[in-house]
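Remarks on the structure that follows.
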Number of protein chains: 2
Amino acid sequence: MAGATAPLLGLEKKSLREQALSALRTAITSGELEPGRHLVETELSDMLQISRGTLREALRQLEQEGLLSAGPRGRLSVRHLDGKEIRDIFAVRAALESLAVRTLCELPDRASVITSLCSAVDAMAAAAEASLEERIESDLEFHRTLCRLTGNETLLHSWESLEGSIRMSIMFAGIERAVKNMSVDRHHDIVAAIETGNATLARTTVLEHMDVAAANLVA
Amino acid sequence: MAGATAPLLGLEKKSLREQALSALRTAITSGELEPGRHLVETELSDMLQISRGTLREALRQLEQEGLLSAGPRGRLSVRHLDGKEIRDIFAVRAALESLAVRTLCELPDRASVITSLCSAVDAMAAAAEASLEERIESDLEFHRTLCRLTGNETLLHSWESLEGSIRMSIMFAGIERAVKNMSVDRHHDIVAAIETGNATLARTTVLEHMDVAAANLVA
DNA sequence: AACACACGAACTGTAAACAGTTGACCACTG
DNA sequence: CAGTGGTCAACTGTTTACAGTTCGTGTGTT
């Protein structure tokens, strides 16, 4: 997804490392691996049916994504988030997304951008009655799209580096609380603000959205 | 540096992986490994005197830091930056540091923060006549301190993830150009803005600083 | 009963070997 | 001479084995 090879054919053969990465990410952000839990390399490599070397590469990546925290002797454990950290994460997220909308506002032709964003909002609306997980996915997809459309690869990459932490925040706070932030209207406001081209307005809208989201999560 | 073990004693025994990481980072950001160059694992592991397994862990991290880009079949090469990417990187950096100063402005007791920042500026002043490399270091140290003092670990981590890219930008543009941004006055302005507690002013000061910096680099 | 020491299990750090795939070079053929 | 098929070397993905370190545990002594 990051700097991936173009899948010329629909077939995309993922390496074992990537499979392990996805599996672990899911396990952590779903709470299957509870926060604070100590991870034993041999245990995991047995569980995932891969060798330790391969596993360690994946663990390094998760560590950098902030899903794991390193203990005294290189011992890894699932990161534990408290309220302050969640607020911190959302503050950084707000800064990034605020840059995103500002950039989008300054774009010469916003028409195609608006179109893409609208379809993302529509996807959210369509998922409104779906499972909680799917609603979260469509919400994150909207915000990721916000970053992607800027064409700023660094911005997108930074946001994606934060995505794991965001998911952990949601998991930690409980999905029910998180879904309160998924209002379609609220997201439509963001798109509308971008459409006007008023960077200040767009920025304010995003910052408020994030403030509310963080407040809902830690409340 | 990131989530490192507390070095209870001054002695910090770095693992081979961390040593390799530093060595590679230095080699890349110094231009010793020129942009676009293909990296061969066996070659590097020979050069660094470490095994491939250990090396690969370090490479994953560098990849995530944006210093390496992945080619067709997992082949890594040193990332090549163009003008747009440099501007993009500095836009993200600006967003992060702007959050930093805003946070610092809202801090209850800014006195100790100001003290720390002043000593960082003093360090820059002291290095004003030193080598170009040292001036760059003290400059980056100042900005890193900005993020660290907020107490927002996520912010600091995000900034550090970007640090490699920032160094590459500097290298790519040529150190001589980069040093133009190192004016002590300019940094003192930032500290002064924080001292007033005026978040808007502080933010503006940082954004301008970054704009100028990016402009100098790609000019 | 408390302390000291030694043994042992559990893990991480590191190295070396194996397997599979791709791309290039070269000979052979129409 | 162009095109084709095949062999070979280079690299990455992955696994297995080994070394070193730390922490707990149990035993023996005072």
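Since the structure is predicted, the reported quantities are computational estimates derived from the model, not experimental observations.
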> Counting side-chain heavy atoms from CB outward, which of D/dT12, D/dT15, C/dT12 is closest to A/Leu16?
Replying inline: D/dT15

> Which listed nucleotide (C/dT14, D/dG13, D/dT15) is nearest to the side chain of B/Thr54?
Replying inline: C/dT14

Between atom [atom1] in [X] and atom [atom2] in [N], what is the gap in whole Å?
X       : N      : atom1 : atom2 : result
B/Glu41 : C/dT22 : CD    : P     : 17 Å
A/Leu44 : C/dT12 : CG    : C1'   : 14 Å
A/Arg56 : D/dT16 : CZ    : P     : 16 Å
B/Leu68 : D/dT12 : CG    : C1'   : 15 Å
A/Leu76 : C/dA10 : CG    : C1'   : 16 Å

> What is the ring orientation for B/Phe172 with B/His80, classed by angle as parallel under 30°, tilted 30 to 60°, or perpendicular over 60°?
Replying inline: perpendicular

> Once the angle between the rings of A/His209 and A/His143 is folded into 0 to 90°, is it parallel (under 30°), tilted (30 to 60°) or perpendicular (over 60°)?
Replying inline: parallel

>> Taking side-chain contact (heavy atoms from CB on, under 4.5 Å) as the definition, give me every residue that meets it alongside B/Ser112, ordered by chain and number, with sequence neighbours left out.
In response: B/Asp109

Enumerate the protein-to-nucleotides 17-20 of chain C contacts in which both atoms are nitrogen or oxygen and the separation is below 3.5 Å.
unit_1, atom_1, unit_2, atom_2, d
C/dG20, N2, B/Arg73, NH2, 2.9

>> Heavy atoms only, 4.0 Å cut-off, all strands: where does A/Arg17 land among base, sugar-phosphate and nothing?
In response: sugar-phosphate

> Is B/Leu39 touching bases, backbone alone, or none of the nucleic acid, heavy atoms closer than 4.0 Å?
Replying inline: sugar-phosphate

> Can you find a side chain N or O atom of A/Ser51 that sits less than 4.0 Å from OP1 or OP2 on D/dT14?
Replying inline: no

> Below 4.5 Å, heavy atoms only, C-beta onward: do A/His157 and B/Gln64 meet side chain to side chain?
Replying inline: yes

> If you find the nucleotide of DNA chain D closest to A/Glu57 and the one closest to A/Arg75, which residue's nucleotide is nearer the 5' end?
Replying inline: A/Glu57

>> Taking atom CD as the centre, does A/Glu106 end up with more than 12 heavy-atom neighbours from other residues, nucleotides or ligands that are less than 6.0 angstrom away?
In response: yes

> Quick one: do the A/Ser15 and A/Glu18 side chains pair a donor with an acceptor below 3.5 Å?
Replying inline: yes

